[in-house]
Amino acid sequence: MNPANLLEFDLDGLAAFCEQLGEKRFRATQLFRWIHQKGARDFAQMSDLAKSLRDKLSGRAEIRALPVLSEHVSGDGTVKWLFDVGSGNAIETVFIPEDDRGTLCISSQAGCAVGCRFCSTGHQGFSRNLQTGEILAQLWYAEHSLRKRLNTSERVITNVVMMGMGEPLQNYSALVPALRVMLDDHGYGLSRRRVAVSTSGVVPMIDRLREDCPVALAVSLHAPNDPLRDELVPLNRKYPIAELLQACLRYLEAAPRDFITFEYCMLEGVNDTPELAVELVRLLRGKVACKLNLIPFNPFPASGLKRSSNARVQAFAKVLIDAGIVTTVRKTRGDDIDAACGQLAGEVQDRTNAKNRMTRAPITVHRRGLEGSAAMARHTETKQ
Ligand code: SF4
């Protein structure tokens, strides 16, 4: 029998696993802390666990990290990892350090089925859902490798955004236990406002998330009306804007002091006119507590789209701000290495498809002027 991957479990799951081994819950809590708070992989290291438990675990369980295909480190401390998830698929994870926080952008799927027009991941199609353990392995690896690099035992990642590759709400059953580990005081201990799920608008799952684990919610809006959004975010044909906004309102009922972050990728001549800004104001003002995050598009060849000029973005932002809508413009980052989220992973997939011979390369470490996260540039900024 294959050893169980302990990264698959939230604390209740780990307690159930330990119970099968005849161990009490407090032992599961100790084990959980060793894994997530101390980054331990070797049961022999877990000095306060009874020897009998360590013996039971070895052979029956493991902490299964993801193989790292490459690591890009920027001058400003931003790190982007490419992880191997098998069968020629790779996923991206990005750490973005700022003065007052460290944000990790995590992938939830290999590829994505939603197919947003401006998204490189969407253009690659869908390969598979990640398991809970693969979602958490990104956080586990990033947190503990960064601590080593920075020579600290303090927490480095203060915020998590589910905004990497994939639509997290289309991988709901794996997502929720992973979120619980992020929030658990014995795990990563992040407050629910420091963990954000970004969705293209899977309405029924927004409702479920509200019940199961109401973390911060970001919604990829990108257009103020259905005809345009149908084109940019095909899921809109199933869950049009009015339904999506109703789901946002219901979500906020569970956390009335919160707000929704709406992401809006600025595409030249497509969704960036002053008229559309006015339409956006009409759609949102006074209807839903929100913040707008305007994201300069990171072009990639297959999209056929262009980034809006700065002047255009500023003019669009002004309409929103003048109307009293809190609006931020995301700084563009990472243009020099991989213009859009999913491009590194796409290259791995292309190589595999072309030659059907992807072998796991040793970790490639690139240290150059990577300014930031392409994934984050595509999506939203972190919230408190
Ligand atoms: S923007 Fe998000 S939901 Fe849309 S295709 Fe890309 S990864 Fe999928």
Side-chain angles (χ1 to χ4, degrees), residues 80 82-83 85 89-94 104-130 134-135 138 160-172 174-175 196-206 209 216-223 228-241 244 247-248 260-267 270-271 293-305 307 330 332 334 338-349 373-381:
K80 183 165 189 167
L82 191 63
F83 290 105
V85 291
N89 292 309
I91 54 162
E92 297 173 14
T93 308
V94 183
L104 192 72
C105 179
I106 292 183
S107 295
S108 56
Q109 298 179 312
C112 183
V114 176
C116 298
R117 253 192 80 192
F118 49 84
C119 174
S120 173
T121 301
H123 277 252
Q124 288 160 37
F126 176 67
S127 292
R128 70 171 176 86
N129 281 327
L130 298 185
E134 293 170 319
I135 295 172
Q138 299 169 66
V160 168
V161 289
M162 297 301 308
M163 297 177 184
M165 301 173 71
E167 164 53 68
L169 295 187
Q170 287 186 339
N171 187 13
Y172 191 80
L175 172 73
V197 168
S198 171
T199 179
S200 55
V202 190
V203 164
M205 293 301 157
I206 293 175
L209 189 67
L217 187 69
V219 171
S220 296
L221 190 59
H222 310 301
L228 182 54
R229 193 163 190 269
D230 284 350
E231 269 185 49
L232 296 176
V233 184
L235 195 69
N236 195 68
R237 293 178 205 140
K238 193 162 182 193
Y239 305 114
I241 290 174
L244 178 57
C248 290
I260 307 288
T261 298
F262 289 110
E263 300 151 3
Y264 198 102
C265 183
M266 298 294 290
L267 305 166
V270 175
N271 65 354
N293 189 29
L294 303 182
I295 306 163
F297 172 58
N298 276 319
F300 59 98
S303 71
L305 297 164
R307 175 185 293 178
R330 170 149 285 282
T332 56
D338 49 353
C341 171
Q343 280 196 325
L344 285 177
E347 283 166 19
V348 171
Q349 216 181 38
S373 155
M376 287 293 291
R378 175 174 57 85
H379 282 298
T380 189
E381 72 174 12

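Since the model is a prediction, treat every value here as computed from it, not as a measurement. Start at 1 and go down the list; that is how both ligands and their atoms are numbered.
- Not one N/O/S atom of C119, from backbone or side chain, sits under 2.8 Å from atom 4 (Fe) of ligand 1.
- Residues N171 and S108 have side chains that never bring a donor and an acceptor to within less than 3.5 angstrom of each other.
- Looking at R237, its side chain does come within 3.5 Å of a backbone N or O of D230 through a donor-acceptor pair.
- Those atoms of ligand 1 with a heavy atom of G122 less than 4.0 angstrom away are 5 (S).
- At least one heavy atom of G166 sits less than 4.0 Å from an atom of ligand 1.
- Atoms of ligand 1 found under 4.0 Å from any heavy atom of G115, numbered from 1 in the order shown, are 5 (S).
- With sequence neighbours left out, R128 forms a side chain to side chain donor-acceptor pair (under 3.5 Å) with E134.
- Those atoms of ligand 1 that come under 4.0 Å of a heavy atom in C112, given as number and element, are 3 (S), 5 (S), 7 (S), 8 (Fe).
- By the 30° and 60° cut-offs, the orientation of the rings of H222 relative to Y264 is tilted.
- In terms of the side chain to side chain donor-acceptor pair (under 3.5 Å) criterion, Y239 has no residue partners (sequence neighbours excluded).
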